[in-house]
Amino acid sequence: MSEVAVAVWNSKTKKYVNVSWKRVMVRKSLDEICHYAEVEIPASERDLFHKHGIFQVRYLSKYISEGRDSYGGEYGFHPVTTVYIDQIDEETEKSSHGIIITGRSAARDIIDSKWSGTVSGNQTLLTVLRQIAGEFGFEEKDVICLPTNAGDFTKSVFSFSWENESPWAKLLTLADAQGFIITSNQLGGLYIEQPARSSCNWGFAIEEGVNVIHPRRSESGAEQFHEYIVNCCSKEGRAIDSTCPNKRKLTINLSEFIIDQEKLDRRAKTEMLRRREDRITCTLSGWGLSEGQIKKLGGTYHKEIFWEVNLLIPVKIPSCNMNANMLISQVEYSADSNSLSCDVTLVKPEAYR
């Protein structure tokens with residue numbers, strides 16, 4: 001049977017130490033580069049957790065072919081996420097003593113920092129990202145393109161600079177202009193990948209009556225605009241949202257990029273699609289493939305076993321009038337002593353292409 005484990009990095013022994021836990025929640029989103037993790041621990045484990053320390057949430061199965069030695073040969077494990085501890089909250093009420101640990105992926109340090117810098121020399125997007133991440137302890141192997149066998153498929157950047165700010169927003173805009181997205185990976189590093197990654201033949205699918213516990217649809221117009229304008233290099237890209245009858249406008253100014261008209265129009269259109277998208281969220285049992293599906297893979301190395309953001313999967317939910325390939329935009333894994341479940345949010349892939 002699959003299990004969840006939590007391990008804390010011991011900086012003295014240079015290895016992870018397994019700890020007891022009461023409740024675990026992990027959230028990954030295409031709209032939030034950092035993974036967010038929350039774990040509730042018993043008081044007996046408090047001394048193992050420290051601000052800025054590292055903990056890893058792991059998924060255990062006897063059919064996972066990696067990480068087996070760490071669990072006495074009985075289980076292999078896949079990391080679900082690796083995060084740095086942001087906060088430790090303790091609450092004592094009568095006989096209860098709750099300790100909540102929260103953390104985010106290592107990219108938090110880049111996002112939260114403000115400084116000035118320049119990357120020159122007509123470098124590729126991957127090289128730019130590696131250079132910036134390198135200032136925060138990321139090694140070259142931590143910042144890669146997905147799939148990993150594709151090498152560096154990113155395009156050259158004429159120049160890249162920032163002044164007393166985080167370069168993160170500019171990095172995301174640059175990636176979007178090249179048709180890529182940037183996400184945190186399960187080990188705390190960074191991926192550059194194309195939107196709507198294929199789920200191959202691993203077995204990912206969502207179908208009402210098969211693996212869906214509770215589907216729900218949400219529509220929101222709170223952040224929707226009628227007109228989207230993107231300015232760059234004395235050019236202007238526009239998109240009109242006919243489904244939004246108000247007269248609100250959103251203007252985005254891109255600086256220090258050389259960009260053609262087609263990419264400007266695409267940027268305006270994708271911004272429009274992301275803000276008007278209707279979302280379907282499904283509660284599923286487990287965190288990914290079933291034990292039987294993992295076994296059929298015949299080994300899990302370089303194969304996906306979790307519901308992950310940016311996966312394009314077939315979805316069939318008659319109650320929501322949905323029968324199409326949909327993109328996973330957010331995943332929230334939950335576990336306690338009795339159950340494992342996952343909330344998967346689905347959107348149309350056009351919003352991220």
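Since we're looking at a predicted model, the values are computed, not measured.
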Peer 1: Please indicate whether K316 has more than 12 foreign heavy atoms, meaning atoms of other residues, nucleotides or ligands, lying under 6.0 Å from its NZ.
Peer 2: no

Peer 1: If you measure only the distance, is there a donor-acceptor pair under 3.5 Å linking the side chains of T345 and T281?
Peer 2: yes

Peer 1: Mind running side-chain hydrogen bond (donor to acceptor under 3.5 Å, both in side chains) on Y75 and E3 for me, showing each step along the way?
Peer 2: CA-CA 9 Å; Y75 291 109; E3 296 181 13; 2.8 Å; yes

Peer 1: Begin with the C-alpha distance, continue with both residues' side-chain angles, and end with the deciding distance and a verdict on side-chain hydrogen bond (donor to acceptor under 3.5 Å, both in side chains) for T243 and Q224.
Peer 2: CA-CA 9 Å; T243 70; Q224 195 175 354; 3.1 Å; yes

Peer 1: Might you work through the salt bridge (Lys or Arg N to Asp or Glu O under 4.0 Å) test for R108 and D86, ending with a clear yes or no?
Peer 2: CA-CA 10 Å; R108 67 169 194 169; D86 277 335; 2.5 Å; yes

Peer 1: Tell me the salt bridge (Lys or Arg N to Asp or Glu O under 4.0 Å) pairs involving residues 72-83, sequence neighbours left out?
Peer 2: none

Peer 1: Find the distance between CG (L171) and OG (S166) and round it off to the nearest 0.5 Å.
Peer 2: 7.5 Å

Peer 1: Is there a path from V143 to W162 through hydrophobic residues (I, L, V, M, F, W, Y) whose side chains come within less than 4.5 Å of each other?
Peer 2: yes

Peer 1: Do T102 and Q87 have side-chain atoms, one donor and one acceptor, less than 3.5 Å apart?
Peer 2: no

Peer 1: Are any of the side-chain heavy atoms of Y36 and M25 separated by less than 4.5 Å?
Peer 2: yes

Peer 1: Are R266 and D260 ion-paired here, with the side-chain N under 4.0 Å from a carboxylate O?
Peer 2: no

Peer 1: Tell me, yes or no, whether the heavy-atom count around D47 atom CG, taken from other residues, nucleotides or ligands under 6.0 Å, exceeds 12.
Peer 2: no

Peer 1: side-chain contact (heavy atoms from CB on, under 4.5 Å) between I41 and I101: does it pass, once the steps are laid out?
Peer 2: CA-CA 8 Å; I41 60 170; I101 315 294; 4.1 Å; yes

Peer 1: Is the distance between the ring centroids of F77 and Y71 under 6.0 Å?
Peer 2: yes

Peer 1: Scan side-chain atoms only and decide if T283 and D343 contain a donor-acceptor pair under the 3.5 Å cut-off.
Peer 2: yes

Peer 1: Check the pair I192 / I144 against side-chain contact (heavy atoms from CB on, under 4.5 Å), numbers first and verdict last.
Peer 2: CA-CA 6 Å; I192 296 176; I144 58 177; over 6 Å; no

Peer 1: Is there a path of hydrophobic side-chain contacts, each under 4.5 Å between heavy atoms of I, L, V, M, F, W or Y residues, that connects I100 with V39?
Peer 2: no

Peer 1: Heavy-atom count check: over 12 atoms from other residues, nucleotides or ligands less than 6.0 Å from Y84 OH?
Peer 2: no

Peer 1: Mark yes or no for whether S159, through its side chain, and S120, through its backbone, hold a donor-acceptor pair below 3.5 Å.
Peer 2: no

Peer 1: Do you know the tightest heavy-atom contact between F138 and A107?
Peer 2: CZ-N, 3.9 Å

Peer 1: Are any non-hydrogen side-chain atoms of I99 and I88 less than 4.5 angstrom apart?
Peer 2: yes

Peer 1: Please report the C-alpha distance between K348 and L327 in whole Å, then the side-chain angles of each, then the deciding distance to 0.1 Å, and finally whether the side-chain contact (heavy atoms from CB on, under 4.5 Å) criterion is met.
Peer 2: CA-CA 6 Å; K348 294 179 180 178; L327 185 70; over 6 Å; no

Peer 1: Side-chain donor-acceptor contacts of residues 304-312 below 3.5 Å, not counting sequence neighbours, with atom names and distances?
Peer 2:
| from | atom 1 | to | atom 2 | distance (Å) |
| --- | --- | --- | --- | --- |
| E304 | OE2 | Q186 | NE2 | 3.4 |
| E304 | OE2 | F306 | N | 3.4 |
| E308 | OE1 | K28 | NZ | 3.2 |
| E308 | OE2 | K28 | NZ | 2.8 |
| E308 | OE2 | Q186 | NE2 | 2.7 |
| N310 | OD1 | A196 | N | 2.7 |
| N310 | ND2 | E193 | OE1 | 3.1 |
| N310 | ND2 | Q194 | O | 3.0 |

Peer 1: Does the pair N253 and T251 meet the rule for a side-chain contact (heavy atoms from CB on, under 4.5 Å), with working shown?
Peer 2: CA-CA 7 Å; N253 295 314; T251 300; 3.9 Å; yes

Peer 1: Ignoring hydrogens and angles, state whether a donor on the side chain of S29 or E332 is under 3.5 Å from an acceptor on the partner side chain.
Peer 2: no

Peer 1: Working to the nearest 0.5 angstrom, can you tell me the gap between L297 CG and S65 OG?
Peer 2: 9.0 Å

Peer 1: Go through the side-chain N and O atoms of T300 and E66 and say whether any donor and acceptor fall under 3.5 Å apart.
Peer 2: yes

Peer 1: Do S329 side-chain atoms and L30 backbone N/O form a donor-acceptor pair below 3.5 Å?
Peer 2: no

Peer 1: What about V6 and V83, same hydrophobic cluster or not, with Ile/Leu/Val/Met/Phe/Trp/Tyr joined at side-chain heavy-atom distances under 4.5 Å?
Peer 2: yes

Peer 1: Give me the ring orientation class for F55 and F49: parallel if the planes are under 30° apart, tilted from 30 to 60°, perpendicular past 60°.
Peer 2: perpendicular

Peer 1: Could you pull out all residues at least two apart from K51 that satisfy side chain to side chain contact (heavy atoms under 4.5 Å, CB included)?
Peer 2: none

Peer 1: Is it true that R23 and E38 make a salt bridge, defined as a side-chain N closer than 4.0 Å to a carboxylate O?
Peer 2: yes

Peer 1: Looking at Y228, I'd like to know if the NZ or CZ of R248 sits under 6.0 Å from its six-membered ring centre while staying within 45 degrees of the ring's axis.
Peer 2: no

Peer 1: When clusters are formed by joining ILVMFWY residues with side-chain heavy atoms under 4.5 Å apart, either directly or through shared neighbours, do L126 and I110 land in the same one?
Peer 2: yes

Peer 1: For the backbone of K14 and the side chain of N10, can you confirm whether one donor and one acceptor N or O come within less than 3.5 Å of each other?
Peer 2: no

Peer 1: Do D265 and Q261 pair up side chain to side chain, a donor and an acceptor below 3.5 Å, judged on atom types alone?
Peer 2: yes

Peer 1: For the side chain to side chain donor-acceptor pair (under 3.5 Å) test, which of H226, R276, K269 pairs with D241?
Peer 2: R276

Peer 1: Is any side-chain heavy atom of N323 closer than 4.5 Å to a side-chain heavy atom of V315?
Peer 2: no

Peer 1: Would one find more than 12 heavy atoms of other residues, nucleotides or ligands at under 6.0 Å from atom CG of N122?
Peer 2: yes

Peer 1: Looking at E271 and R267, does any basic side-chain N land under 4.0 Å from a carboxylate oxygen?
Peer 2: yes

Peer 1: With clusters defined by side-chain heavy atoms of hydrophobic residues (ILVMFWY) lying less than 4.5 Å apart, directly or transitively, does I240 cluster with I252?
Peer 2: no

Peer 1: Does one side chain, of Q56 or T81, offer a donor that lies under 3.5 Å from an acceptor on the other?
Peer 2: no

Peer 1: So, are E140 and R130 salt-bridged, with charged N and O less than 4.0 Å apart?
Peer 2: yes

Peer 1: With a 4.5 Å heavy-atom cut-off, do L190 and L129 have their side chains touching?
Peer 2: yes

